[in-house]
Amino acid sequence: AEKNYDAAIKKWIMSLQKMKDNRLRFATLGYLAAASRDRGRNKDYLVYAVQQIDIAHELDDNNLRAQAYLTLSRANEMLADYFKAVSYSRSVIQYSPSGDSIQGYAFLVMADSYIGLCNFSKVIECLDNALNISHENEDHLMEIQVLNTMGKVYLALKDFPKSLAYQRRAHDIAVSNA
């Protein structure tokens, strides 16, 4: 909360070494992954995601698997390993309940990955799925991210008026839900 990521990372690493409860370890690894991502340490982000996967498999918990695969997918997308990001996003969809918000976030990672792969038809398909899930779950943050990504697609296609329209719509939703 204080944006002192280095201090938080040090404390979580020290605490992690003493933890016995795997669910607590899983949550702490999630905090470490997020802090590493925010610090731009994408390889550490990936390492913590893999450790989460190990715990999720050990506990045989599909909800934890879905969360861990989403972290792993995001880490790979940030490292521009788009094929792995798409594959791990598919695992999120496999292990999570149909229509759950986590699936929408997996579709968002897939869309961003397909942008990197220049497969715009897949981008649109994934964004449609994510937008439907955001509406079903009344998840305004996800809807904003979908609209933002749609704006990026039209920016890449050099359709500036459409890009701007999506960005404005995302902005309006953000302001109205602030």
Side-chain angles (χ1 to χ4, degrees), residues 1-97 100-113 115-116 130 133-134 137-149 151-152 167 170-171 173-178:
E2 296 172 8
K3 306 288 186 217
N4 189 350
Y5 298 107
D6 292 329
I9 289 170
K10 284 180 187 176
K11 285 184 181 184
W12 281 322
I13 288 172
M14 288 181 358
S15 299
L16 192 62
Q17 296 168 354
K18 299 174 186 175
M19 288 179 196
K20 303 278 188 243
D21 182 284
N22 273 340
R23 290 188 185 278
L24 186 57
R25 290 178 56 79
F26 184 91
T28 303
L29 287 166
Y31 297 138
L32 280 164
S36 296
R37 178 197 63 222
D38 292 344
R39 293 290 297 148
R41 296 180 181 158
N42 295 334
K43 291 194 185 233
D44 291 342
Y45 186 28
L46 185 64
V47 168
Y48 297 128
V50 169
Q51 290 177 15
Q52 278 191 313
I53 294 280
D54 292 341
I55 291 172
H57 286 311
E58 187 177 316
L59 293 173
D60 195 25
D61 185 320
N62 284 343
N63 289 327
L64 294 183
R65 278 187 185 110
Q67 290 175 36
Y69 277 119
L70 182 61
T71 304
L72 192 56
S73 178
R74 286 177 170 157
N76 277 282
E77 189 265 328
M78 290 179 79
L79 291 167
D81 199 339
Y82 301 124
F83 290 110
K84 282 185 182 177
V86 168
S87 177
Y88 292 129
S89 291
R90 287 185 180 131
S91 294
V92 173
I93 294 165
Q94 174 188 347
Y95 288 114
S96 60
D100 194 65
S101 282
I102 196 168
Q103 287 189 346
Y105 289 104
F107 281 120
L108 275 167
V109 174
M110 287 173 75
D112 282 331
S113 297
I115 289 172
I133 291 170
S134 75
N137 292 290
E138 297 181 16
D139 188 334
H140 299 293
L141 178 59
M142 185 187 309
E143 183 178 9
I144 291 165
Q145 290 176 342
V146 168
L147 295 171
N148 178 49
T149 301
K152 289 192 301 189
Q167 296 296 338
H171 177 265
I173 293 170
V175 168
S176 69
N177 287 290

Could you label the plane-to-plane angle of the Y95 and Y69 rings as parallel, tilted or perpendicular, counting under 30° as parallel and over 60° as perpendicular?
parallel
Can you establish whether the number of heavy atoms outside H171 located under 6.0 Å from its atom NE2 is more than 12?
no
Counting distance only, does the side-chain N/O of S87 pair as donor-acceptor with the main-chain N or O of F83 below 3.5 Å?
no
Looking at R41 and D6, is any side-chain nitrogen of the basic one under 4.0 Å from a carboxylate oxygen of the acidic one?
yes
State, with a plain yes or no, whether a side-chain heavy atom of I102 is found less than 4.5 Å away from one of Q67.
yes
L72 versus N76: any side-chain heavy-atom pair under 4.5 Å?
yes
Please determine whether side-chain contact (heavy atoms from CB on, under 4.5 Å) holds for the pair I133 and Y105, giving the CA-CA distance in whole Å, both sets of side-chain angles, and the decisive distance to 0.1 Å.
CA-CA 9 Å; I133 291 170; Y105 289 104; over 6 Å; no
L24 and D21 have their tightest heavy-atom pair at N-OD1, 2.8 Å
Donor-acceptor contact present, side-chain R25 to main-chain K20, <3.5 Å
no
Give a yes or no on whether K84 atom NZ has more than 12 heavy-atom contacts from other residues, nucleotides or ligands under 6.0 Å away.
no
Just wondering, do I93 and F107 contact through their side chains at under 4.5 Å, heavy atoms?
yes
Taking every heavy atom of E77 against every heavy atom of S113, the minimum-distance pair comes out as CG-OG, 3.4 Å
Check this for me, if you would: do D44 and R39 make a salt bridge, where the nitrogen-to-carboxylate-oxygen distance has to be below 4.0 angstrom?
no
Going by heavy atoms in the side chains, are V47 and K43 under 4.5 Å from each other?
no
Under a 3.5 Å distance rule, please check whether N148 uses its side chain to pair with a backbone N or O of I144 as donor and acceptor.
no
